[in-house]
Amino acid sequence: MEIADLHPWPEDQSEALEIQYRFRDEIITTGSLNGVGLIAGVDTAFDHNTDTLFASVCVFNFPDLTECERVSDSGKAIFPYVPGLHAFREGPVILKALARIRTRPDLIIFAGHGIAHPRRFGLACHLGLILDIPSVGCARKRLTGQHDEIDPEQGANVPLIVDNKDSGRVYRTREKVKPVIISPGHRCGINDAVNVVAKCLQGYRIPEPMRAAHRLANRIKRNNKKP
DNA sequence: GCGACAG
DNA sequence: ATCTTGTCGC
């Protein structure tokens with residue numbers, strides 16, 4: 001898949017912030033997800049012994065959820081872990097992996113946040129904008145924002161408010177299991193984001209494409225360890 | 001100063 | 001994210 005260079009990747013944190021402020025207004029949180037036939041799940045694994053990041057992409061047919069392609073790539077972790085600047089640590093290696101897939105997905109689910117972010121420009125927004133592909137952020141933990149308590153049953157969800165704005169949903173994917181946080185990345189609204197994730201559930205907490213990518217990334221990491 | 005803090 | 005086995009609860 002062809003990937004354009006929206007901007008060079010900084011090694012400096014203040015430059016990273018500038019980039020987020022510079023592109024945040026280009027995020028479109030509307031769009032129709034009708035006709036989505038290919039969904040990619042993306043996740044990474046990290047080996048702190050070699051300081052290496054492993055990124056995996058698993059492409060699934062939708063809505064039947066059969067896997068049709070999987071790719072991975074790796075790279076040294078350069079940028080430090082800074083909450084709110086995640087795209088700058090994982091973005092480069094994720095794009096390397098995405099460049100390897102044959103077919104352009106109609107939507108991508110990223111392990112991280114979209115607009116549920118201090119500057120409304122989380123990893124899902126950032127990479128969705130670079131790729132110009134509808135994207136959704138599905139995080140396992142809250143980064144910012146407030147929300148009410150959520151009922152224990154599967155499917156229960158409440159709005160996540162960031163700076164007085166409805167920015168996503170805290171969504172219970174499994175009964176009595178810690179909810180995930182879903183927010184739009186790019187070219188997608190809150191309802192569509194939630195609906196897509198809900199339709200990708202297969203009995204586990206994490207939507208299938210992302211779960212497959214998570215397991216693949218960890219497998220690649222394991223296979224790359226020195227005996 | 002203190003607590004919070006995606007992966 | 002990762003370090004890590006068994007264990008308690010559904």
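First the proteins, then the strands, lettered A, B, ... as listed; each starts at 1.
- Looking only at side-chain heavy atoms (C-beta outward), A:Asn224 and A:Thr52 stay at 4.5 Å or farther from each other.
- Around CG of A:Asp64, the count of heavy atoms belonging to other residues, nucleotides or ligands within 6.0 Å exceeds 12.
- With hydrogens and angles disregarded, no donor-acceptor distance shorter than 3.5 Å links the side chain of A:Arg120 to the backbone of A:Arg24.
- The CG atom of A:Leu143 sits 14 Å away from the P atom of C:dA1 (whole-angstrom rounding).
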Open item on the list: What verdict does the side chain to side chain contact (heavy atoms under 4.5 Å, CB included) test give for A:Leu53 and A:Ile94, after you've listed the backbone C-alpha separation in whole Å, the side-chain angles of each residue and the deciding distance to 0.1 Å?
Closed with: CA-CA 9 Å; A:Leu53 280 166; A:Ile94 287 175; over 6 Å; no
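- Counting any heavy atom pair closer than 4.0 Å across all strands shown, A:Ala111 reaches sugar-phosphate atoms only and no base atom.
- An OP1 or OP2 oxygen of B:dC5 is reached within less than 4.0 angstrom by a side-chain nitrogen or oxygen of A:Arg142.
- The interatomic distance linking A:His117 (NE2) with B:dG7 (C1') rounds to 12 Å, in whole Å.
- Atom-to-atom, CG of A:Asp51 to P of B:dG7 comes out at 19 Å; the value is rounded to the nearest Å.
- Considering only heavy atoms from C-beta on, A:Phe110 stays 4.5 Å or farther from A:His86 through its side chain.
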Open item on the list: Taking Watson-Crick (N1-N3 plus N6-O4 or O6-N4) and G-U wobble (N1-O2, O6-N3), each under 3.5 Å, can you produce the dot-bracket string of DNA chain C? Use [ ] for crossing pairs and | for inter-strand ones.
Closed with: ..........
- [ ] Determine which bases of DNA chain B form Watson-Crick or G-U wobble pairs with both distances under 3.5 Å, and write the result as a 5' to 3' dot-bracket string with | for other-strand partners.
- [x] .......
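- For a distance-only test at 3.5 Å, the side chain of A:His86 qualifies as a donor-acceptor partner of the base of B:dA6.
- At the heavy-atom level, A:Leu85 lies under 4.0 Å from base atoms of the strands shown.
- For A:Asp163, the CG atom is loosely surrounded, since the number of other residues' heavy atoms within 6.0 Å does not exceed 12.
- Residue-environment remark: CD (A:Glu153) exceeds the threshold of 12 foreign heavy atoms within 6.0 Å.
- Counting any heavy atom pair closer than 4.0 Å across all strands shown, A:Leu123 reaches a base atom.
- Residue contacts shown for A:Gly84 include a base, since a base heavy atom lies under 4.0 Å away.
- Within a 6.0 Å sphere centred on CZ of A:Arg104, other residues, nucleotides and ligands contribute more than 12 heavy atoms.
- The side-chain contact (heavy atoms from CB on, under 4.5 Å) test with A:Phe88 is passed by exactly one of A:Glu11, A:Glu15, A:Gln13, A:Gln20: A:Gln20.
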Check the interface with nucleotides 2-9 of chain C: list each N/O to N/O pair with the protein under 3.5 Å, or write none.
unit_1, atom_1, unit_2, atom_2, d
C:dT2, OP1, A:Asn218, OD1, 3.1
C:dT2, OP1, A:Lys221, NZ, 3.2

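- A salt bridge links A:Arg187 with A:Asp132; the closest basic N to acidic carboxylate O contact falls under 4.0 Å.
- For the pair A:Arg119 CZ and B:dC5 C1', the interatomic distance rounds to 12 Å; values are reported in whole Å.
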